[in-house]
Trainee: 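Next up is a structure, given as structure tokens.
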Amino acid sequence: MEIIEENPYRFRMPAHGAMRVPGIVFASRKLLPMAQEDRSLEQVANVATLPGIVVASYAMPDVHWGYGFPIGGVAATDIDAGGVVSPGGVGFDISCGVRLLAAGVGRAELGSRLAGLMDTLGHTVPRGMHRGSVWQLTGPGQLERVLTGGAGYAVESGHGVARDLDRCEDGGRVEGADPSLVSRRAFERGLGQVGSLGSGNHFLEVQAVEEVYDDTAASAFGLHRDQVCVMIHCGSRGLGHQVCTDYVRSMEQVMSRYDIQVPDRQLACAPVESPEGGDYLRALAAATNYARANRQLLTATARRAFEAHLGSGLDLVYDVSHNLATIETHEVDGRPRRLCVHRKGATRALPPHHPDLPADLAGTGQPTLIPGTMGTASYVLAGVAGSPAFHSTCHGAGRTRSRHAAARGVSGRALREELESHGIAVRGTSWKGLAEEAPSAYKDITAVIEASEGARLCRKVARLVPLGVVKG
DNA sequence: ATGTGC
């Protein structure tokens, strides 16, 4: 496979075979995945064969192997040219994303109260593989309201304030959700999980702003040096997972009817303007709203802990997803086109003055939240004008070793000891789960951010460091 | 990511 270095942060894979467009990989030489350990560049080439794909199949600097599409992949298809939507281009954790809250206290004021705060968060934040959630729903009817109302429904029900919604992507609720297209099985899985972290790389962290790179943007976002923050990283739990499973199956069955051939079964897809494509997008919207409500409910739990221990509130800085497919208009070959933009492990980063931004953030661009590896750093970024991949950037550090390999190499107990020795309070649930998230299994988040900025996908606003971590 | 497998 030919890869041409166009500049230190941009690599091109010319179209070959069935590829309709080239592959573009934003990375440094050091971050570029090696074919023998990670087949994600092969996946970038596979995605480039999808009907209707425009411009390029993109990879962000944190790209790694995923189901069908790479994680860290961006692909847009032209709806009016038979463009397809593919559940594998969003991933199993629909609308997985990050929310950042800013406390009214600084690092020094938190001081010795950290341990007690972490104990309360450890006891009240539902997490892990099994059931348990902030919200005990009364039945499927109430879940329907979650699926159509998103974070807005959580706020209406007393779990938040109106201003929270101004600080969520899409106002906390996407249009077009149809609960009747979410299977009974997905309902059953989702019913007892609204307001829960899950497991894997999901977390709730208490963090501090370690460094500010852009004072104007940081101040518009409500952030300043040494401020205490809370970062929540989670998604749509078993409900989103089941929606993905259901629609992969449905599309596998109809692809031949639309005369679509793909090089990998995991790229199952259907035209956006087909019954199956449309149904998936309406179920996707429902799962998206579920994830937004989920993060809103965990916010309410974090606020109760902060109020009790510090007498401090938590203002929502922003909430943004990194696993979505959305209908957007972009100019392609000099003409505005209606596109279905898949972002899987990629975060939208709208430039300053984009019409979808809230008025008070128009000057700065979209806040883009990047969770780092446990015990390292997380970043707040902002969108920039003229970015090359449909206003997208990275979403995290990106794995270099599988969960299995990570757990083999590290002991969870030793990892906790090490984090605690650096002053980071750890409230976990499983030693194995902790080991699977060892920083040694991930790329260097700072190198990923540098490459993202170098490729002009975004700009840095602030770096956050962990003080305490609640893990699923 | 995930009732961590068809």
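Proteins get letters first, then strands, A, B, ... in listed order; numbering begins at 1 in each. Treat the numbers as computed from the prediction; the structure is a model and nothing was measured.
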Trainee: Taking distance alone, no hydrogens or angles, what donor-acceptor pairs closer than 3.5 Å link side-chain atoms of residues 146-157 of chain A to residues at least two apart or in another chain?
Mentor:
residue : atom : partner : partner atom : Å
A:T148  : OG1  : A:E144  : O            : 3.1
A:T148  : OG1  : A:R145  : O            : 3.4
A:Y153  : OH   : A:Q142  : NE2          : 3.3
A:S157  : OG   : A:Y153  : O            : 2.7

Trainee: Write down the protein N/O and nucleotide N/O pairs, taken from nucleotides 4-6 of chain B, whose separation is under 3.5 Å; answer none if there are no such pairs.
Mentor:
none

Trainee: Using atom CD of A:Q242 as one end and atom C1' of B:dT2 as the other, report the distance to the nearest whole Å.
Mentor: 10 Å
Trainee: Atom CZ of A:R189 and atom P of B:dT2: how far apart are they, to the nearest Å?
Mentor: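 Going from A:R189 (CZ) to B:dT2 (P), I get 9 Å.
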Trainee: Using the ring of each side chain (for Trp, its six-membered ring), is A:F390 parallel, tilted or perpendicular to A:Y58, with breaks at 30° and 60°?
Mentor: perpendicular
Trainee: List in chain and number order the residues that pass side chain to side chain contact (heavy atoms under 4.5 Å, CB included) with A:L357, two or more places apart in sequence or in another chain; answer none if no residue qualifies.
Mentor: A:L350, A:H354, A:Q366
Trainee: Give every residue pair that meets the ring-ring contact (aromatic ring centres under 6.0 Å, His included) criterion with at least one member in residues 253-287 of chain A, sequence neighbours excluded.
Mentor: A:Y247-A:Y280
Trainee: Measure the distance from OH on A:Y290 to P on B:dT2 and round it to the nearest whole Å.
Mentor: 10 Å
Trainee: Remember a base hit wins even if backbone is also touched, and classify A:R185 as base, sugar-phosphate or nothing at under 4.0 Å, heavy atoms.
Mentor: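 Touches a base.
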Trainee: Which pairs of donor and acceptor atoms, one on a side chain in residues 59-75 of chain A, lie under 3.5 Å apart (sequence neighbours left out)?
Mentor:
residue : atom : partner : partner atom : Å
A:D62   : OD2  : A:H395  : N            : 3.0
A:D62   : OD2  : A:H395  : ND1          : 2.5
A:D62   : OD2  : A:G396  : N            : 3.1

Trainee: Return the set of residues passing side chain to side chain contact (heavy atoms under 4.5 Å, CB included) with A:V262 (not counting sequence neighbours), or none when no residue passes.
Mentor: A:L50, A:M255, A:I260, A:L267, A:C269
Trainee: Hey, does A:G235 reach any base, or is it just sugar-phosphate, or nothing, if we go heavy atoms under 4.0 Å?
Mentor: nothing
